[in-house]
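A quick write-up on the structure given underneath.
Start at 1 and go down the list; that is how both ligands and their atoms are numbered.
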Amino acid sequence: MRNICFVTGNQNKIIEVEKLIKNFKLISTKDLNFYDEILETENTIKGNAFLKSSFIYNKFNINCFSDDSGLFINALGGDPGVRSARYASEISDKEKNINLVLKNLKGEKDRSAAFKTCICLIIDGKTNYFEGSVKGVITSKRLGSRGFGYDPIFVPEGHDRSFAEMSLEDKNKISHRSIATKKLINFLNQK
Ligand code: ITT
């Protein structure tokens with residue numbers, strides 16, 4: 001089985017994706033003894049995904065992919081968007097981020113939003129992108145304690161539970177990351 005490196009410092013993402021990938025051995029940047037943070041300086045999730053993957057591909061010459069994701073809220077002009085991790089403060093803080101979203105949406109009728117993911121895969125020197133998104137609404141308070149990030153305040157369209165109230169299996173059936181990851185896997189299956 002070939003190795004493929006998932007370039008992420010977020011353990012939750014690894015747990016989500018390793019349940020989906022069967023035909024490659026998923027390794028992490030920790031397995032490469034790489035612990036630095038790759039700064040996400042681009043202004044699109046696609047740009048940041050490329051930045052993370054190309055950094056590791058060039059440094060270690062290993063096939064790899066990364067994802068950049070964000071929560072895009074219509075009434076906030078697409079914020080927090082590409083700045084989702086550091087919306088409220090320079091050091092990523094999930095609770096502060098959620099508080100700021102709830103504050104900024106106070107009294108707002110349009111609570112529609114979407115989680116979006118862009119995966120950048122660099123394999124054998126070629127770059128490929130896979131995207132996924134899921135529409136939903138932002139709740140007025142936290143619901144549930146599973147998942148990570150903004151999961152407690154996001155209810156996907158057609159559902160009545162937040163991502164944080166769902167099991168990982170249920171979130172993985174519909175999430176932005178699983179949609180993009182399934183496209184990645186279909187591609188890798190043909191390799
Ligand atoms: P990387 O090391 O992979 O970059 P990260 O946590 O910084 O990990 P991203 O930049 O891709 O991840 O995502 C930005 C933020 O968007 C992340 O910190 C969460 O707050 C939020 N987010 C992304 N995917 C999410 C999900 O499935 N559920 C809830 N929040 C999510």
Side-chain angles (χ1 to χ4, degrees), residues 5-20 26-30 32 34-56 64-73 76 78-102 113-121 129-139 142-156 159 161-182 184:
C5 178
F6 187 5
V7 183
T8 179
N10 184 333
Q11 189 59 28
N12 293 292
K13 288 186 180 179
I14 295 182
I15 292 167
E16 285 188 9
V17 169
E18 74 187 352
K19 287 217 188 300
L20 297 165
L26 194 65
I27 65 166
S28 73
T29 34
K30 283 188 188 141
L32 303 172
F34 180 83
Y35 296 93
D36 296 349
E37 188 184 359
I38 305 166
L39 292 179
E40 296 177 16
T41 50
E42 294 293 322
N43 55 14
T44 61
I45 57 174
K46 187 173 181 178
N48 281 332
F50 175 72
L51 214 144
K52 291 186 266 190
S53 294
S54 56
F55 185 91
I56 293 298
C64 62
F65 67 92
S66 68
D67 94 57
D68 200 45
S69 309
L71 176 64
F72 294 76
I73 301 175
L76 302 182
D79 276 351
V82 71
R83 298 187 299 119
S84 290
R86 291 171 197 80
Y87 185 44
S89 54
E90 260 321 294
I91 296 169
S92 180
D93 183 322
K94 167 190 162 177
E95 300 308 330
K96 282 189 189 165
N97 286 339
I98 289 181
N99 288 342
L100 186 58
V101 165
L102 294 179
F115 265 124
K116 296 183 186 173
T117 288
C118 181
I119 292 177
C120 174
L121 166 74
Y129 294 97
F130 307 91
E131 293 178 335
S133 73
V134 58
K135 288 184 182 167
V137 291
I138 304 299
T139 55
R142 289 168 172 80
L143 300 171
S145 56
R146 291 172 168 150
F148 68 100
Y150 298 91
D151 281 343
I153 56 166
F154 183 84
V155 173
H159 295 261
R161 291 178 304 158
S162 77
F163 268 165
E165 292 178 298
M166 295 181 180
S167 64
L168 185 53
E169 284 68 29
D170 285 349
K171 180 182 173 189
N172 260 346
K173 281 180 197 149
I174 52 174
S175 82
H176 49 308
R177 186 165 306 98
S178 72
I179 293 168
T181 306
K182 280 169 194 156
L184 166 77

Describe, in one word, how the ring planes of F55 and F34 are oriented to each other, choosing from parallel (under 30°), tilted (30 to 60°) and perpendicular (over 60°).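 F55 and F34: tilted rings.
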
Parallel, tilted or perpendicular, as decided by the 30° and 60° cut-offs, for the rings of F50 and Y129: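 Taking F50 first and then Y129, their aromatic rings sit tilted (interplane angle of 30° to 60°).
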
Looking only at the side chains, is there a donor atom on one of N99 and R142 sitting less than 3.5 Å from an acceptor on the other?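 Distance-only check passes for N99 and R142.
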
No-hydrogen, no-angle side-chain donor-acceptor test under 3.5 Å, N10 and T8: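 No, because no side-chain N or O of N10 sits under 3.5 Å from a partner of the opposite role on T8.
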
Nearest protein heavy atom with distance in Å, relative to [atom]:
atom                    : result
atom 28 (N) of ligand 1 : D151 OD1, 2.6 Å
atom 19 (C) of ligand 1 : G149 CA, 4.0 Å
atom 13 (O) of ligand 1 : S69 O, 3.2 Å
atom 27 (O) of ligand 1 : K171 NZ, 2.8 Å
atom 12 (O) of ligand 1 : K13 NZ, 3.0 Å

Does the separation of the ring centres of Y87 and Y150 fall below 6.0 angstrom?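 Distance test on ring centres: not under 6.0 Å, no.
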
Carboxylate-amine/guanidinium proximity below 4.0 Å for K46 and E131: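 Not counted as a salt bridge, because no side-chain N and carboxylate O are separated by less than 4.0 Å.
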
Charged N to carboxylate O under 4.0 angstrom, K52 versus E40?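 Looking at K52 and E40, the cut-off is met.
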
Could you tell me, atom by atom, which parts of ligand 1 come under 4.0 Å of a heavy atom of [X]?
X    : answer
A85  : 14 (C), 15 (C), 18 (O)
T8   : 1 (P), 2 (O), 3 (O), 8 (O)
E40  : 4 (O), 7 (O), 10 (O)
F115 : 25 (C), 28 (N), 29 (C), 30 (N), 31 (C)
D68  : 9 (P), 10 (O), 11 (O)
N10  : 2 (O), 6 (O), 8 (O)
H176 : 24 (N), 25 (C), 26 (C), 27 (O)

Pair I138-L71, side-chain contact (heavy atoms from CB on, under 4.5 Å): steps then yes or no: CA-CA 10 Å; I138 304 299; L71 176 64; 3.9 Å; yes

Could you tell me whether some N/O pair between [X] and ligand 1 is separated by less than 3.5 angstrom?
X   : value
N97 : no
S92 : no
E16 : no
G9  : yes

Report the member of R177, R86, K52 with the shortest heavy-atom distance to atom 4 (O) of ligand 1.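 Checking each option, the heavy atom nearest atom 4 (O) of ligand 1 is found in K52.
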
Option whose closest heavy atom lies nearest to atom 25 (C) of ligand 1, chosen from Y150, F163, F148, F154: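 Heavy atom nearest to atom 25 (C) of ligand 1 belongs to F148.
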
Name the one of L143, V134, V137, T139 that satisfies side chain to side chain contact (heavy atoms under 4.5 Å, CB included) with F154?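 That would be V134.
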
Using a 4.0 Å heavy-atom threshold (strictly under), name the region of N48 that reaches ligand 1: side chain, backbone, both or neither.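 No part of N48 comes within reach of ligand 1.
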
How close do R161 and D170 get, counting heavy atoms only, and between which atoms?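 What the structure gives for the nearest pair is NH2-OD2, 3.3 Å.
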
Side-chain touch E16/S178, heavy atoms, less than 4.5 angstrom: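 The answer is no, as the side chains (C-beta and beyond) never meet within the 4.5 Å cut-off.
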
